Q: 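Mind looking over this structure? Questions follow.
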Amino acid sequence: MMSIKNKEYRFTYTEKAQEIIKQLTLEEKVFLMSGSVSMEQFFLDFLVAHYNHVPYPAGGNERLNIPPMKFVDGPRGSVAGNSTCFPVAMGRGASFDPDLEQRIGQAIGKEIKANGGNLFGGVCINLPRHPGWGRSQETYGEESFHLGVMGSALTTGVQSEDVIACIKHYAFNSMENSRFKVNVKADKRTEREVYLSHFKDAIDAGAASVMSAYNLYDGDHCGHSDYLLNQVLKDEWGFDGFVISDFVWGVRDTEKAVNGGMDIEMCNTVHFGDKLVEAVRNGKVSEEKINLSALRIVRTLLAFTENSEKQYSKDIVASDNHIKLALEAAEKSMTLIKNENHVLPFSKNIKKLAVIGKLADKANIGDHGSSRVFPPYVVTPLQGFKQLLPDTDVIYDDGSDLERAAELAKSSDAVVFVVGYDHNDEGEYLADEGGDTSTVEQFMGEIIKKNPELLPKMQEMNEGNSEAGGLGVGGDRTSLYLHEDEIDLLNKVGPVNRNSATVLIGGNTILLNNWKNTVSSILMAYYPGMEGGTAIAKTLFGDVNPGGKLPYVTPVREGDLPTVEWDTEEIIYGYYHGYAKLEKEGVEAELPYGYGLSYTTFAVSNAIFEVENDKIVGTCEVENTGEREGDEVIQLYVGFSNSMVDRPVKVLRGFKRVTLQPGEKREIEISCPIEKIKWYNPQTNNWQLEEMEYEVCLGTSSANRDLLTGVVNVSLQNN
């Protein structure tokens with residue numbers, strides 16, 4: 001079920017909701033807008049089970065058969081229960097496969113229903129201005145267009161199961177350590193073209209709920225922002241669902257939040273409830289505001305729950321089909337970024353395999369914050385190799401003793417290094433200098449007083465080592481390099497055996513320039529989910545041909561990216577970041593956006609570019625010129641060298657993943673709506689089309705060497 005604005009019965013549900021609201025008291029209407037989880041229960045969950053182990057409710061009215069909203073977090077899967085853990089969104093972004101993402105959305109929707117939920121709060125489409133952002137693993141990559149496509153696919157999949165998809169965090173949430181206090185500023189073009197456009201895409205795809213962000217934008221908390229919530233989201237974009245706050249600290253003021261467009265305070269009630277009733281009775285908030293929020297809530301809940309035939313037992317949670325889907329997603333995310341002398345794939349006939357690095361024997365599926373999923377098991381890389389190679393002597397070493405590791409590497413037929421990050425290095429971060437830390441400590445202290453047996457668990461959480469639901473500890477990364485001990489390991493042990501591969505684990509860009517020449521091959525695995533070890537082993541040993549593409553640029557130097565101060569109260573978001581920034585400044589990337597190798601080869605030819613009605617259409621022939629089946633991602637870029645305003649050199653405006661057999665050739669067509677090449681004119685506050693000649697490119701990455709280029713003339717008649 002899509003957002004009700006796209007359904008022929010939208011009017012019916014509006015009428016039905018209006019009739020129900022007429023029968024509600026003020027207190028009952030305000031209750032619809034109020035999260036029902038106490039602060040004590042919220043923090044107790046971290047100690048006894050795990051955050052969101054059951055859906056978190058808000059509102060509802062038993063008297064009039066209004067179901068409560070039941071929130072389940074994501075985006076790696078359903079946080080409630082012990083659910084299927086898919087690769088992080090960044091890994092799924094590397095698949096460049098919207099069909100796969102839609103199927104993942106369907107699976108997540110089914111598991112949420114089986115666990116008793118009706119809303120998925122895991123469509124994270126924030127844009128990482130800088131790859132050091134600790135939670136960038138939760139989103140799909142650095143490119144706004146790509147974010148919009150993938151987020152829309154997840155939304156469509158989730159809502160096809162009659163589960164409300166909630167897109168987050170609206171908006172400008174691209175840093176972790178300062179998220180509760182930072183005021184973000186941006187000029188109007190940056191705001192609309194870079195940071196809001198993908199949210200608009202997901203709204204157009206039917207997303208029925210939106211979560212606000214903690215940070216401030218232009219001086220106002222996003223959860224209070226009349227501009228973001230009322231003027232842009234509801235009035236300009238025509239969003240007809242409801243807005244929920246980010247949890248606990250997403251609302252700071254009763255009147256500002258409600259008047260600013262907030263519909264539900266989550267996941268507990270601090271500023272709404274009795275305070276909101278009093279604000280209405282004192283004339284500080286109009287009852288009409290309450291009625292409008294109640295209408296949005298009731299209408300949406302009825303549309304997604306009334307007469308829904310989508311019901312599932314818990315047997316579907318982490319079922320065989322969903323685990324196979326998690327494995328498919330992990331396999332399709334694998335991104336090969338170096339393969340010197342075709343060292344990969346390794347032969348399965350080797351006698352001895354050395355697996356080196358502390359992350360090789362670790363269940364490492366991403367950060368330990370609100371996105372953490374608790375699957376029934378996790379296949380580590382080491383386990384994956386042992387399962388795939390029962391006749392091979394697979395020997396593990398954590399790499400702490402370089403001489404010992406070198407001896408092992410020297411005596412082995414092949415070596416795999418597993419290095420990178422875990423939840424201690426990057427992820428959600430709870431501490432806040434604005435006073436919220438004391439709130440956490442207060443409630444945790446009260447819980448321990450009542451339940452002293454939980455003290456060891458809290459101490460374990462505070463050390464960042466909890467394996468049972470601890471708060472996130474990672475925060476933002478201050479460096480994009482590997483840890484020094486891992487760099488030493490690769491530089492000193494890597495050259496010992498050239499039949500080697502390095503597997504990178506992490507949520508975003510990892511710089512390569514101080515170790516890349518010491519190993520023969522490099523595979524980016526992201527945080528690959530519960531079947532990640534299986535996918536890594538199958539890829540390195542040839543059962544899977546890697547076809548993932550980097551959803552971000554890898555620079556040579558950190559200084560090539562935007563500067564950022566992670567602990568700050570104010571930041572200006574500039575127009576350029578990522579590959580667009582490097583191209584605009586003429587800086588060569590280490591690895592371009594959209595880059596990824598294969599065990600086969602592809603040829604792209606006969607590119608033709610035309611304007612058809614309201615679209616730019618690019619067609620080309622893609623041929624598998626190698627000796628094995630493989631996937632290629634064809635990417636369409638549009639360039640603006642003739643523009644009269646400051647614009648990027650080119651931007652991604654379409655992509656398609658294709659599977660080809662050896663020798664197979666296929667014609668690929670990718671189209672870009674004319675709407676997607678407009679620029680936002682801050683003088684007129686409208687999107688504007690330039691009548692000019694545009695460069696259009698088709699190829700296998702953003703690098704010019706990988707693209708075929710043509711031109712098209714676009715006029716207002718095309719729009």
Side-chain angles (χ1 to χ4, degrees), residues 46 49-53 73-92 111 134-135 137-138 317-318 322-331 333-334 355-389 394 396-400 416-428 457 460-461 463-474 483 486 502-507 523-540:
F46 288 95
H50 64 79
Y51 158 79
N52 208 182
H53 64 100
D73 222 324
R76 272 176 272 173
S78 165
V79 171
N82 294 102
S83 305
T84 307
C85 183
F86 296 93
V88 293
M90 188 66 74
R92 285 150 34 209
E111 297 199 5
R135 290 180 73 177
Q137 61 188 268
E138 293 185 44
V317 177
H322 289 182
I323 290 171
K324 288 177 183 176
L325 185 60
L327 176 58
E328 178 188 349
E331 291 173 353
S333 74
M334 294 292 143
V355 182
I356 302 175
K358 57 183 178 291
L359 296 183
D361 193 28
K362 184 169 188 173
N364 192 13
I365 54 176
D367 93 323
H368 281 192
S370 59
S371 71
R372 188 180 181 188
V373 170
F374 294 80
Y377 68 86
V378 176
V379 179
T380 68
L382 182 62
Q383 290 170 337
F385 293 123
K386 288 183 175 180
Q387 291 171 8
L388 185 69
L389 306 168
V394 179
Y396 167 69
D397 188 284
D398 67 4
S400 58
V416 176
F417 300 95
V418 184
V419 296
Y421 304 122
D422 66 11
H423 68 277
N424 288 303
D425 299 304
E426 55 183 357
E428 189 162 11
K457 185 71 173 295
E460 186 182 15
M461 283 171 48
E463 292 170 0
N465 296 316
S466 173
E467 295 302 323
L471 298 169
V473 295
H483 299 291
E486 292 174 326
T502 294
V503 176
L504 295 176
I505 307 294
L523 182 75
M524 182 64 188
Y526 312 94
Y527 293 107
M530 64 186 294
E531 282 287 341
T534 307
I536 289 168
K538 290 176 69 177
T539 302
L540 293 185

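Every value quoted in this text rests on a predicted model; they were computed, and no experiment measured them. Quick note: residue numbers are just sequence positions, from 1.
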Q: If you look at every heavy atom in R92 and A329, which pair is closest and at what distance?
A: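 Where R92 meets A329 most closely, the heavy atoms are CG-CB, 4.4 Å.
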
Q: Just verifying a value: how many Å separate H322 NE2 and E328 CD, rounded to the nearest 0.5 Å?
A: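 Going from the NE2 atom of H322 to the CD atom of E328 covers 12.5 Å.
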
Q: If you round to the nearest 0.5 Å, how far is CG of D398 from CG of L359?
A: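 The CG atom of D398 is 10.5 Å from CG of L359, to the nearest 0.5 Å.
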
Q: Donor-acceptor check, side chain of Q383 to backbone of T380, threshold 3.5 angstrom: yes or no?
A: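 It does hold such a pair.
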
Q: For K358 and Y396, which heavy atoms make the closest approach, and how far apart are they?
A: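 Scanning both residues completely, I find the closest heavy atoms to be CA-OH, 3.6 Å.
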
Q: Going by heavy atoms in the side chains, are V355 and D397 under 4.5 Å from each other?
A: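 Sidechains of D397 and V355: no contact.
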
Q: Is there side-chain contact between V418 and V416, with heavy atoms separated by less than 4.5 Å?
A: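 Yes, side chains in contact.
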
Q: Got T502 and V419 here, is their nearest side-chain heavy-atom distance under 4.5 Å?
A: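 Yes; the side chains approach each other to less than 4.5 Å.
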
Q: Less than 3.5 Å apart, any donor N or O on the side chain of Y377 or E531 sitting next to an acceptor on the other?
A: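 Judged by distance alone, the side chains do pair up.
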
Q: Under 3.5 Å, sequence neighbours excluded: what are the donor-acceptor pairs made by side chains of residues 76-91?
A:
unit_1 : atom_1 : unit_2 : atom_2 : d
R76    : NE     : S371   : O      : 3.3
R76    : NH1    : I365   : O      : 2.8
R76    : NH2    : D367   : O      : 2.7
R76    : NH2    : D367   : OD1    : 3.0
R76    : NH2    : S371   : O      : 3.4
R76    : NH2    : S371   : OG     : 2.8
S78    : OG     : A80    : N      : 3.4
S78    : OG     : A80    : O      : 3.3
N82    : ND2    : F374   : O      : 3.2
S83    : OG     : S78    : O      : 3.1
S83    : OG     : A80    : O      : 2.7
T84    : OG1    : E111   : OE2    : 2.5
T84    : OG1    : A318   : N      : 3.3

Q: Answer yes or no: is there a side-chain heavy-atom contact under 4.5 Å between D73 and Y51?
A: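 Answer yes - side chains close enough.
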
Q: Nearest 0.5 Å please: distance from the NE2 atom of H368 over to the CG atom of N424.
A: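 The distance works out to 8.0 Å.
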
Q: Take L523 and L504, measure what side-chain contact (heavy atoms from CB on, under 4.5 Å) needs, and give me the verdict at the end.
A: CA-CA 6 Å; L523 182 75; L504 295 176; over 6 Å; no

Q: Distance check, rounded to the nearest 0.5 Å: I356 atom CD1 versus D361 atom CG?
A: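 CG of D361 is found 13.5 Å from CD1 of I356.
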
Q: For Y527 and E426, which I'm curious about, is there any donor-acceptor pair between the side chains at under 3.5 Å?
A: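 Yes, E426 and Y527 have a side-chain donor paired with an acceptor closer than 3.5 Å.
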
Q: Can you find a pair of side-chain heavy atoms, one from V503 and one from L540, that are under 4.5 Å apart?
A: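 With C-beta onward as the side chain, the pair touches.
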
Q: Roughly how far, to the nearest 0.5 Å, is the NZ atom of K538 from the OG1 atom of T534?
A: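 It comes to 7.5 Å.
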
Q: So which heavy atom on A535 is nearest to which on T539, and how close?
A: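 Of all heavy-atom pairs spanning A535 and T539, the closest is O-OG1, 2.7 Å.
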
Q: What's the spacing between D422 CG and I505 CD1 if we round to 0.5 Å?
A: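 With rounding to 0.5 Å, CG (D422) is 10.5 Å from CD1 (I505).
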
Q: State whether a side-chain donor-acceptor pair under 3.5 Å links H423 with N364.
A: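 Judged by distance alone, the side chains do not pair up.
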
Q: How about F385 and I536: do any of their side-chain heavy atoms sit closer than 4.5 Å?
A: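 In short, these two side chains touch, coming nearer than 4.5 Å.
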
Q: Does the side chain of M334 reach to within under 4.5 Å of the side chain of M524, using non-hydrogen atoms?
A: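 Of all side-chain heavy-atom pairs linking M524 with M334, none is under 4.5 Å.
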
Q: Between R135 and S370, what is the shortest heavy-atom contact and its length?
A: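 What the structure gives for the nearest pair is NH2-OG, 3.3 Å.
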
Q: Verify side-chain contact (heavy atoms from CB on, under 4.5 Å) between M530 and V379, making sure each step is shown before the conclusion.
A: CA-CA 6 Å; M530 64 186 294; V379 179; over 6 Å; no

